[in-house]
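Data block below; observations after.
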Amino acid sequence: MVDRSFGDLSLAALYDILNPWGPGDDFYLGFVMGADAVLDVGCGTGQLLRRAHGEGHRGRLVGLDPAAAMLVQARQRAGAVEWVLGDLRTRYWYGEFDLVVMTGHVFQVLLRDEELRAALRAVRGALRVGGRFVFETRNPAARPWEAWTPERVREVAAPDGHALRMWHEVQRPVLGDRVTFTETYDGDTWQRPRVSRSTLRFLTPEALDAHLREAGLTVVDRYGDWRRTPLTATSPEIITVAEAAP
Ligand SMILES: C[S@@+](CC[C@H](N)C(=O)[O-])C[C@H]1O[C@@H](n2cnc3c(N)ncnc32)[C@H](O)[C@@H]1O
């Protein structure tokens with residue numbers, strides 16, 4: 001089951017307002033525009049593929065997501081893209097794509113080793129030899145969850161003009177490589193706040209590389225931020241470009 005943030009129609013309708021286009025999207029757009037056939041796993045509201053289509057990409061664009069509410073947003077805005085409901089366990093593709101992306105830290109929803117292995121096998125299977133898998137995961141060494149506190153409230157204007165607030169709270173203690181937290185949404189005109197609960201996994205670069213290797217994916221580039229700075233212990237992101245081995 002998907003988290004309430006993505007499964008609830010009214011919260012999915014607010015996703016793009018709370019997550020506007022940013023430097024990470026520019027980074028991915030460059031890869032998408034340079035590839036003929038692209039699979040976006042966990043495409044959400046489809047911002048990336050919608051923009052690619054709008055900027056003249058005329059190859060195959062496929063967005064996959066298990067949250068129907070997110071795909072409602074995607075479909076309303078770009079009918080020309082192929083939007084598929086499901087995930088890498090329910091839909092398979094064989095050697096059809098030049099590029100597979102997982103953006104917006106979707107990779108971190110893969111919590112169990114078996115789930116991760118199966119997803120990476122499916123990514124490798126979907127790619128042509130030499131095709132690329134590009135994704136990012138937050139760097140556990142930078143302990144980003146320490147900043148996910150209820151005092152840090154994000155406030156944006158909802159489509160009706162009223163204020164909408166969102167904040168995080170991490171479940172303590174944080175044990176192992178998983179972080180469980182809530183996202184609370186509250187609007188000026190809402191009767192009560194809406195709370196979504198999530199768990200994300202934070203893998204080290206070494207653990208990531210071992211999983212990628214096992215799936216037949218070779219790391220060709222690694223960055224620590226969207227400016228393509230090399231990864232260090234304090235980098236916010238682990239951004240990986242991997243290639244499908246023969
Ligand atoms: C934070 S959003 C990111 C959406 C989009 N990639 C972006 O960057 O805006 C995470 C998305 O991952 C989807 N998701 C959850 N579990 C998933 C899974 N097992 N496989 C693929 N996508 C999943 C959610 O439904 C949600 O749309």
Side-chain angles (χ1 to χ4, degrees), residues 1-32 38-53 61-78 81 83-93 97 99-123 125-126 133-138 144-145 148 154 156 166 168 178-183 185 196-203 211 226 236-237 239-240:
M1 214 180 76
V2 293
D3 302 338
R4 189 175 181 191
S5 290
F6 313 122
D8 179 312
L9 274 172
S10 58
L11 294 182
L14 297 170
Y15 182 86
D16 289 0
I17 296 169
L18 286 160
N19 300 278
W21 188 268
D25 301 293
D26 284 326
F27 174 90
Y28 283 107
L29 186 63
F31 285 93
V32 173
V38 181
L39 174 63
D40 182 354
V41 177
C43 63
T45 58
Q47 285 197 86
L48 178 66
L49 299 187
R50 284 191 269 129
R51 176 75 71 99
H53 184 73
L61 298 174
V62 180
L64 173 71
D65 202 286
M70 296 293 264
L71 291 185
V72 164
Q73 298 297 317
R75 287 197 177 110
Q76 272 171 0
R77 299 180 213 176
V81 175
W83 304 112
V84 179
L85 181 66
D87 61 27
L88 290 168
R89 292 167 300 188
T90 55
R91 283 297 300 260
Y92 297 95
W93 288 273
F97 293 98
L99 177 69
V100 175
V101 294
M102 287 180 89
T103 73
H105 306 105
V106 183
F107 186 82
Q108 293 186 251
V109 306
L110 302 168
L111 298 181
R112 289 173 295 109
D113 276 352
E114 318 84 82
E115 206 179 343
L116 189 57
R117 283 201 189 100
L120 290 176
R121 268 199 309 273
V123 167
F133 175 42
V134 187
F135 69 100
E136 91 282 359
T137 172
R138 297 180 187 88
W145 57 87
W148 299 352
R154 262 302 293 285
V156 294
M166 194 271 272
H168 294 91
R178 278 152 228 210
V179 177
T180 297
F181 60 95
T182 54
E183 279 177 327
Y185 302 82
S196 176
R197 188 183 154 88
S198 308
T199 301
L200 296 177
R201 189 171 184 192
F202 289 73
L203 284 178
H211 280 291
W226 302 115
E237 307 284 350
I239 302 165
T240 303

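Everything quoted here is computed from the prediction, not taken from an experiment. Values below: all heavy atoms of this structure, side chains included; hydrogens, waters and symmetry mates excluded. Atoms within a ligand are numbered from 1 in the order they appear, just like the ligands themselves.
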Would you tabulate the polar-atom pairs, meaning N/O of ligand 1 against N/O of the protein, with distances under 3.5 Å, reported to 0.1 Å?
{"residue": "ligand 1", "atom": "6 (N)", "partner": "G42", "partner atom": "O", "Å": "2.7"}
{"residue": "ligand 1", "atom": "6 (N)", "partner": "T103", "partner atom": "O", "Å": "3.1"}
{"residue": "ligand 1", "atom": "6 (N)", "partner": "T103", "partner atom": "OG1", "Å": "2.8"}
{"residue": "ligand 1", "atom": "8 (O)", "partner": "T103", "partner atom": "OG1", "Å": "2.8"}
{"residue": "ligand 1", "atom": "8 (O)", "partner": "G104", "partner atom": "N", "Å": "3.4"}
{"residue": "ligand 1", "atom": "9 (O)", "partner": "Y15", "partner atom": "OH", "Å": "3.0"}
{"residue": "ligand 1", "atom": "25 (O)", "partner": "D65", "partner atom": "OD1", "Å": "2.7"}
{"residue": "ligand 1", "atom": "27 (O)", "partner": "D65", "partner atom": "OD1", "Å": "3.3"}
{"residue": "ligand 1", "atom": "27 (O)", "partner": "D65", "partner atom": "OD2", "Å": "2.7"}

Q. Which residues pass the ring-ring contact (aromatic ring centres under 6.0 Å, His included) test with W21, sequence neighbours left out?
A. none
Q | Which residues share a ring-ring contact (aromatic ring centres under 6.0 Å, His included) with H53, sequence neighbours left out | A | none
Q | Greater than 12 external heavy atoms within 6.0 Å of R178's CZ | A | yes
Q) Who passes salt bridge (Lys or Arg N to Asp or Glu O under 4.0 Å) against D3, sequence neighbours left out? A) none
Q | Ring geometry between W148 and F202 (parallel below 30°, tilted from 30 to 60°, perpendicular above 60°) | A | tilted
(Q) Which label fits F31 and F27: parallel for a plane angle under 30°, tilted from 30 to 60°, or perpendicular past 60°? (A) tilted
